[in-house]
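Before any comments, here is the structure.
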Amino acid sequence: MMKELAKAYNPHEVEDRIYKTWEEKGYFRAKPNPGKKPYSIVIPPPNITGILHMGHALNDTIQDILIRFKRMQGYEAEWMPGTDHAGIATQNVVERKLAKNGIKRQDLGRDKFISEVWKWREEYGSTIIKQLKKLGCSCDWDRMRFTMDEGLSDAVLDVFIKLYEKGLIYRGNYIINWCPRCQTALSDEESQHKDVEGMLYYIKYPIKGEDGHVIVATTRPETMLGDTAIAINPKDKRYKALKGKTIILPLLDRELKVVMDPLVDLKFGTGALKVTPAHDPVDFELGLKYGLEQINIMNGDATINSIGGEYEGMDRLEAREAIIEDLKERGLFVKSEAHRHAVGHCYRCHTMIEPRLSPQWFVKMKPLAKPAIEAVNKGKIKFYPSRWTKVYLDWMNNIRDWCISRQIWWGHRIPVYYCKSCQQKTEGVGGIIVAKVKPEKCPECGGTNIEQDPDVLDTWFSSWLWPFTTFGWPKETPELKYFYPTCSLVTAQEIIFFWVARMIMAGCEFMGGIPFKNVYIHGTVRDITGTKMSKSLGNVIDPLDMIEKYGTDALRFSIVSITAQGQDVFLSESKFELGRNFANKVWNASRFILMNLKTEDINVDLCVYFKDADLTLPDRWILSRLYSTLSHIGDCLDEYKFNEAANSIYEFLWHEFCDWYIEIAKSRMSEKTTQIILYKVLEKSLRMLHPFMPFITEEIWQKLPHASLDESIMIASWPHIQKPMMSKETESLMGELIELIAAVRNMRSVWNIEPQGAVDVIVNTHDKKDARVISENEEFIKRMARISDLKVGVFSKPKNAAVTVIGSLEIYVPLEGLIDFKKEKARLEKELTRIDGEIKSIAARLKNKGFTDKAPKDVVDGQKRHKDELEVQIEKIRDNIREVE
RNA sequence: GGACGCGUAGCUCAGUUGGUUAGAGCACUACCUUGACAUGGUAGGGGUCACAGGUUCGAGUCCUGUCGCGUCCACCA
């Protein structure tokens, strides 16, 4: 007796239990194995502050599908997991937590604060990992890494030193993106441009020693406190007289030079530009060019500093208003107008960025970009979909230096030490010691007054090393040798510049070669209105809720099947019903098969058995369809077409196996061949489905009654494609029978024939082969179409019969007394119109010399054949219409 | 300002290299407790493939332009 399955699939009962077994058995582990080819993926490490959202669900389901697929195909499949310390994000979270108790990080001091963060990390940092397990991810957990691990931290310092020694890291005073809330510098990528409805203010700047003035336009009037010049385009005739004059800065009465530079846009504002070298990138450049003083007017929190005189202490926006008021009072304010422009915002806290002059560490990117551009140009790395190649290359070709220092505490502290005495001697230029550990004394002067740079490195400065540090670099580990470069990188579009591009550069620079071969960029998960899902908008669908409600497999299958390659996903809860219903269907089909299976019958080698077995058309058909589907799924997965793979499996299992084969098999359940085919198709389908729906397939697998099965479907091999069993001819013959049955069912439905009532059917055909096939399969045709008597051969149409023509078959259903002749005539005429239209269009095509001469022969022949068929059909329909009249 | 993506059935979306008069899921209509499944079955209705040109024997598919929606990049203050 078979083990019975419950009536409906209950995911909750099985998922955690199965996952635990997999983990205990060590199925997720991979190690260098000379006997196997490696297949490796590194996970985009989620932040330790992260909780699973739909973006993860999609991202990690895709990776898990790939890994499970490749593992089954016999690769040594390594999915390297880990988490990212997420400097700013994590520091913010811990600071917020402390703030609830009224504690600031400064109260604790650096060391205590950092140990608080570690404590937080111990407690909450692996939440997301637990959630990934809920998702069924088959990561190699034993190898899990963290960007602040000892090993990875060590690698980060090594890399810093290497780049410094190579002259690719430098310290400099430049305009950077400053977040006044996080109080740190950000890279250009971390500053997100958003359109803002701002104002453009026109302000009069008096000319020294004259009555006149020059009007400048600015969106940030408060920065005038740091103005040191007025710039004019040399071509601008309006301001010719200004050359060589001195301008008086209102409110502060600072004297400003007038500089002439083509950088100034004649058309913008008044054409006169106020120059604030310490607070604007363009002005900064002008400042350098003309030797202007750089006056920083703000504190770290964007309040005005002592330079601002009476405005000191005001927030930048407060100061803006106060300044405008004061200018108005003095009659120096001209006007303001609405002005829409893009302003940078902090990608972590969305505060408006303040461009600000400050000393920071930078990586020179151009030299690093060169080999990374080449790797993609030469096709060593491929993007899927390919359009991202251009996005990548455009960015790389215009790459700018990377600001890597952050004024926070949580992160890899910059391995730079300053000898205070040397610094004094050199006015701050010298005294830099780059070293992994704090030197006892200064190698220059022997002094011991040495302090480490207080800044930490950008989080991405550790992430960009992820594909090789996780395998042990800089040590030359066997893992690194075997698994690097990795095979696929699966990620979202938002992260191409932050992470993907930089990993390619790091791989080329430090490993001498690419970090991965293929980059699959999937879409962004959005809500049904197209808005990106985010917690703050409250439009999230929580994957854990969906797992609770529909099951993990349903979540995975649904999200993958609605995500076309690289297109964004528009999600609503109801979409998960698709996966749940499918899981239930698979469950019940399996349940039915298991209920009827006789163990003694199925213990055979499929190939050997089928050599001599007498297979029916449906038998051969379902096997052909199975292997065609299998082959198609393999192709789809190799091309990252996950939705197509999922849909193809769905179509096969539901609408071919369940709807037709199992239904047909019901009358011959006890036959050995049927038993074997039901079992084998189920068993292979489960394997085929396993990467998509790991839990349900495992649960059913465990109930399969075959001694020689692998102990888990996870480690079973991917089914072998039996090419000889794939037959187009078989598929088309079966297709005809399916059409025949559908046609009869259609007539039954049109004529409202009682569901239980059987009908007689006469199939008129001159095609002997068709007639034979129908006779041979008479049993199930009759049963599925509810036919009491089926005649096949050359017949003339009986009186009062409904008729349908498919291909060369004319199907008569005698319906004495049931037919409404008007209705039948209308039905036939509709059919006639349709076929007539088709014939006319084909005829026109065939008459066209261009078509017959230029189109491929098989297309032309196909058209001719089709037209002949249609003409026979239409004649028959005409006959029938006449008869009805 | 630049780049990219998308406009196909009421809704959400597929549609491989151009080739019989376009598909799915949901929703809708009618019927069905048929020996796994109502999270099911059978049948059905529903589309000028955004618009306008062009290339071609042939265009949902390729090219150009227009309109609408969306995303990314960008130092006009």
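The sequence lines fix the lettering, A, B, ..., with proteins before strands; numbering per chain opens at 1.
- No more than 12 heavy atoms of other residues, nucleotides or ligands sit less than 6.0 Å from atom NZ of K549(A).
- For the P atoms, the distance from C49(B) to C11(B) is 16 Å, rounded to whole Å.
- Look at CG on N643(A): it is 12 Å from P on U16(B), rounded to the nearest Å.
- Checking C6(B) for Watson-Crick or G-U wobble geometry (two distances, each under 3.5 Å) identifies G68(B) as its partner.
- Residues D861(A) and R865(A) are not paired through a salt bridge, judged by the lack of any N-O separation under 4.0 Å between the basic side chain and the carboxylate.
- U48(B): no Watson-Crick or G-U partner with both key distances under 3.5 Å is found in any strand.
- Nucleic acid contact class of V282(A) (heavy atoms, under 4.0 Å, all strands): base.
- As judged by a 4.0 angstrom heavy-atom cut-off over every strand, G837(A) is placed among the base-contacting residues.
- A salt bridge is defined here as a Lys NZ or Arg NE, NH1 or NH2 lying under 4.0 Å from an Asp or Glu carboxylate O, and E337(A) with K335(A) meets this definition.
- Rounded to whole angstrom, the span from the OH atom of Y650(A) across to the C1' atom of G23(B) amounts to 14 Å.
- Rounded to a whole angstrom, the distance from the C1' atom of G5(B) to that of A50(B) is 16 Å.
- Closest approach to the R845(A) side chain among U20(B), G25(B), A77(B) is made by U20(B) (side chain taken as heavy atoms from C-beta onward).
- For the C1' atoms, the distance linking U64(B) with G19(B) amounts to 24 Å, nearest Å.
- Comment: E779(A) engages R783(A) in a salt bridge, judged by a side-chain N to carboxylate O separation of less than 4.0 angstrom.
- Between the CD1 atom of I633(A) and the P atom of U16(B) there is a distance of 19 Å, rounded to whole Å.
- Nucleotides G41(B) and A59(B) have their C1' atoms positioned 39 Å apart, rounded to a whole Å.
- Taking only side-chain atoms of L578(A), from C-beta outward, the nucleotide of G25(B), A14(B), A3(B) with the closest atom is G25(B).
- Remark: R400(A) fails to qualify as a cation-pi partner of W395(A) under the 6.0 Å distance and 45° angle criteria applied to the six-membered ring.
- A231(A) comes within contact range of no nucleotide atom at all, as no heavy-atom separation falls under 4.0 Å.
- Comparing F592(A) and L200(A) along RNA chain B, the residue whose closest nucleotide (by nearest heavy atom) sits nearer the 5' end is F592(A).
- For K864(A) and D868(A), the salt-bridge test fails: no basic side-chain N is under 4.0 Å from an acidic carboxylate O.
- Look at U29(B): its Watson-Crick or wobble partner, with both distances under 3.5 angstrom, is A43(B).
- Nucleotides U20(B) and G2(B) are separated by 44 Å at their C1' atoms, to the nearest Å.
- Of the nucleotides present, U12(B) is the one that pairs with A24(B) by Watson-Crick or G-U wobble criteria, both distances under 3.5 Å.
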Step-by-step side chain to side chain donor-acceptor pair (under 3.5 Å) determination, D261(A) to Y290(A): CA-CA 10 Å; D261(A) 195 280; Y290(A) 299 100; 2.5 Å; yes
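- Nucleotides G44(B) and A9(B) have their C1' atoms positioned 14 Å apart, rounded to a whole Å.
- Rounded to whole Å, the distance from CD on Q567(A) to C1' on U16(B) is 15 Å.
- Here the side chain of L273(A) is nearest to one of C75(B), G25(B), A77(B), namely A77(B).
- Remark: H632(A) is not in phosphate contact with U16(B), judged by side-chain N or O atoms under 4.0 Å from OP1 or OP2.
- Proximity note for M595(A) (side chain, C-beta onward) versus A36(B), A74(B), C75(B): the nearest is A36(B).
- Within 4.0 Å (heavy atoms only), H339(A) reaches sugar-phosphate atoms of the nucleic acid but no base atom.
- Between C67(B) and C51(B), the distance separating the two C1' atoms is 7 Å to the nearest Å.
- For E354(A) and R356(A), the salt-bridge test fails: no basic side-chain N is under 4.0 Å from an acidic carboxylate O.
- Rounded to the nearest Å, the gap between the C1' atom of G60(B) and that of G18(B) is 10 Å.
- Nucleotide G70(B) holds its P atom 13 Å from the CG atom of D568(A), rounded to whole Å.
- In terms of phosphate contacts, R400(A) brings a side-chain nitrogen or oxygen within less than 4.0 Å of OP1 or OP2 of C75(B).
- At the heavy-atom level, E644(A) lies nowhere under 4.0 Å from the strands shown.
- Here K289(A) does not pair with E285(A) in a salt bridge; the nearest charged N to carboxylate O distance is not below 4.0 Å.
- Within a 6.0 Å sphere centred on NZ of K235(A), heavy atoms belonging to other residues, nucleotides or ligands number 12 at most.
- C75(B) is unpaired under the criterion used here, namely a Watson-Crick or G-U wobble arrangement in which both key atom distances are under 3.5 Å.
- Under 4.0 Å is where a charged nitrogen must lie from a carboxylate oxygen, and between R220(A) and D280(A) at least one such pair does.
- Listed candidates were U20(B), A3(B), U12(B). Nearest to the side chain of K575(A) is U12(B).
- Shown here, G19(B) forms a base pair with C57(B); the pair counts as Watson-Crick or G-U wobble because both key distances fall under 3.5 Å.
- Here A77(B) presents its C1' atom at 11 Å from CD1 of I203(A), a figure rounded to the nearest Å.
- Mapping A564(A) and I835(A) onto RNA chain B by nearest heavy atom places A564(A) at the nucleotide closer to the 5' end.
- Here S574(A) lies out of heavy-atom contact (under 4.0 Å) with every strand.
- Atom CZ of F642(A) is separated from atom C1' of U16(B) by 17 Å (rounded to the nearest Å).
- Among the heavy atoms of the strands, none lies under 4.0 Å from V216(A).
- Here P355(A) lies out of heavy-atom contact (under 4.0 Å) with every strand.
- Separating the NZ atom of K641(A) from the P atom of U16(B) is a distance of 8 Å, rounded to the nearest angstrom.
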Per-nucleotide protein contact string for nucleotides 37-47 of chain B (B base, S sugar-phosphate only, - none; heavy atom under 4.0 Å): B-BSSSSSS--
